[in-house]
> 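Next up is a structure, given as structure tokens.
Just so you know, ligand 1 is whichever comes first in the structure, and atom 1 is the first atom listed for that ligand.
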Amino acid sequence: MSEHRILVTEPIPETVIDFLSTLGRVDVGVKGEFNNEDHLADVLPKYDALLCMLSTPVTEKVLTNASKLKIVANFAVGYNNIDVAAADHLKIKVANTPDVLTEACGDFALALLMATTRRFNEAEKYLREGHFKSWEPMGFLGMELREKTLGIVGMGRIGQAFAHRARAFGMKIAYHNRNRISPEIEHELGADFFDDLKELVSKSDVLSLNCPLTDETHHLIDEETLDLMQEHAILINISRGPVVDEAALAKALHSKKIAGAGLDVYEFEPKVHPDLLTAPNCTLLPHIASATHETREAIGMLAATAIKQVLQGVADKNITNLVTSKS
Ligand code: GLV
């Protein structure tokens with residue numbers, strides 16, 4: 001039997017590459033190389049397995065050309081970059097990396113919340129630019145967390161991890177989700193369910209987006225929703241950029257309709273709307289919520305393990321992180 005060939009689209013932790021090398025020949029792309037659909041479609045027919053990033057466009061066109069391909073393992077929990085229906089149709093498996101990044105993302109959401117409510121980036125810029133001449137009693141006043149309502153849109157694993165942390169800071173938890181979570185977890189988090197998103201938006205002091213990007217969640221936060229937010233409220237987004245209409249958000253920030261935003265993801269990533277770059281109190285980070293040494297290695301190993309299982313013919317039902325059908 002010929003040696004398996006595995007394409008990894010970007011450099012990832014060496015331990016993961018070593019593990020994959022026990023399965024076959026591994027080629028690793030350079031940063032950003034396979035963010036191009038045509039290039040990926042050209043090279044993929046040589047490979048049995050693809051380990052790719054959330055920036056890799058795994059479209060129907062890419063998959064249709066790849067006649068040897070058995071599995072696409074995304075180095076991410078979100079997989080909106082992959083045409084899963086086309087993969088299923090072509091009998092190519094798709095895997096993602098749930099669970100292993102939950103805690104890192106929970107930590108990060110809280111950090112982004114605090115950086116934004118306490119205006120870290122504005123204050124740091126002020127200092128770096130040499131304006132800090134004396135302690136100011138009215139300088140950079142922000143919002144305290146105790147007794148404030150954190151409204152979470154998308155109460156999955158990461159939403160819950162964020163809620164746990166926010167509770168420790170005395171925040172009240174409210175949420176909107178497709179399905180209500182179990183009464184036990186609601187009780188543990190002290191979380192109030194809002195069936196009506198608009199009501200949640202208008203009651204939240206901090207509104208956090210933790211839902212996947214789907215047709216239903218695209219531009220879930222638009223001008224109309226932003227209008228419902230309170231003037232002192234802030235928006236946190238660590239899910240996917242297109243959940244927010246970025247132009248409308250930039251407008252709301254510039255007109256002080258809302259007090260701030262903490263963003264890790266962008267509508268046209270890696271491009272950032274120019275009016276966000278100049279918006280007051282907007283913490284802007286380059287999609288790093290899961291970026292810890294521990295988590296990025298765990299993500300890689302989980303993706304690589306799915307590749308091993310598929311290449312070695314393990315029954316689909318025994319592969320925990322497949323997102324294509326398991327039949
Ligand atoms: C990161 O955004 C992920 O989906 O894992």
Side-chain angles (χ1 to χ4, degrees), residues 8-13 16 31-32 34-35 50-59 71-84 87 93-113 115 152-162 165 177-178 208-218 220-221 235-244 246 261-272 276 283-307 319-324:
V8 178
T9 59
E10 303 242 355
I12 57 171
V16 183
K31 186 173 158 195
F34 291 103
N35 292 352
L50 172 69
L51 193 155
C52 62
M53 307 301 131
L54 50 85
S55 50
T56 318
V58 187
T59 58
I71 172 160
V72 177
N74 218 29
F75 190 90
V77 65
Y79 48 86
N80 52 289
N81 57 306
I82 302 171
D83 188 334
V84 175
K93 307 294 173 202
V94 176
N96 70 338
T97 61
D99 298 316
V100 290
L101 44 66
T102 303
E103 303 307 320
C105 292
D107 289 352
F108 180 86
L110 187 76
L112 189 55
L113 161 64
I152 296 181
V153 180
M155 197 56 137
R157 290 170 282 243
I158 296 173
Q160 291 176 31
F162 186 21
R165 286 155 175 82
N177 202 46
R178 256 176 321 190
S208 173
L209 306 177
N210 296 94
C211 52
L213 173 63
T214 62
D215 289 345
E216 288 76 47
T217 63
H218 183 264
L220 192 68
I221 304 300
L235 178 73
I236 298 292
N237 189 10
I238 69 162
S239 63
R240 285 293 183 266
V243 176
V244 176
E246 243 170 42
L263 307 177
D264 189 43
V265 290
Y266 302 91
E267 190 172 354
F268 303 104
E269 207 168 303
K271 287 200 187 86
V272 180
L276 284 179
T283 313
L284 301 172
L285 295 169
H287 206 149
I288 57 167
S290 69
T292 65
H293 293 292
E294 298 88 339
T295 289
R296 288 286 164 87
E297 184 166 331
I299 290 174
M301 287 310 288
L302 186 57
T305 301
I307 290 178
I319 305 176
T320 52
N321 52 327
L322 281 189
V323 296
T324 32

> Tell me which residues fall inside the under-4.0 Å heavy-atom shell around ligand 1.
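Near ligand 1, by chain and number: L54, A76, V77, G78, L101, R240, H287.
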
> Is there a donor-acceptor pair under 3.5 Å between the side chain of T217 and the backbone N or O of L220?
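Between the backbone of L220 and the side chain of T217 there is no qualifying donor-acceptor contact (under 3.5 Å).
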
> Checking the side chain of T102 only, and the main-chain atoms of I158 only, is there a donor and an acceptor separated by less than 3.5 Å?
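It does not hold such a pair.
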
> Using a cut-off of 6.0 Å, state whether more than 12 heavy atoms not belonging to Y79 lie near its atom OH.
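Open.
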
> Knowing that exactly one of N96, N321, N81 qualifies, which makes a side chain to side chain donor-acceptor pair (under 3.5 Å) with N74?
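When side chain to side chain donor-acceptor pair (under 3.5 Å) is applied between N74 and each of N96, N321, N81, only N81 qualifies.
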
> Shortest non-hydrogen contact from T324 to K93?
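For T324 versus K93, the nearest heavy atoms are OG1-CA, 3.4 Å.
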
> Under the side chain to side chain contact (heavy atoms under 4.5 Å, CB included) test against N210, which residue among N177, I238, V243 passes?
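Looking at N177, I238, V243, the match for N210 under the side chain to side chain contact (heavy atoms under 4.5 Å, CB included) is I238.
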
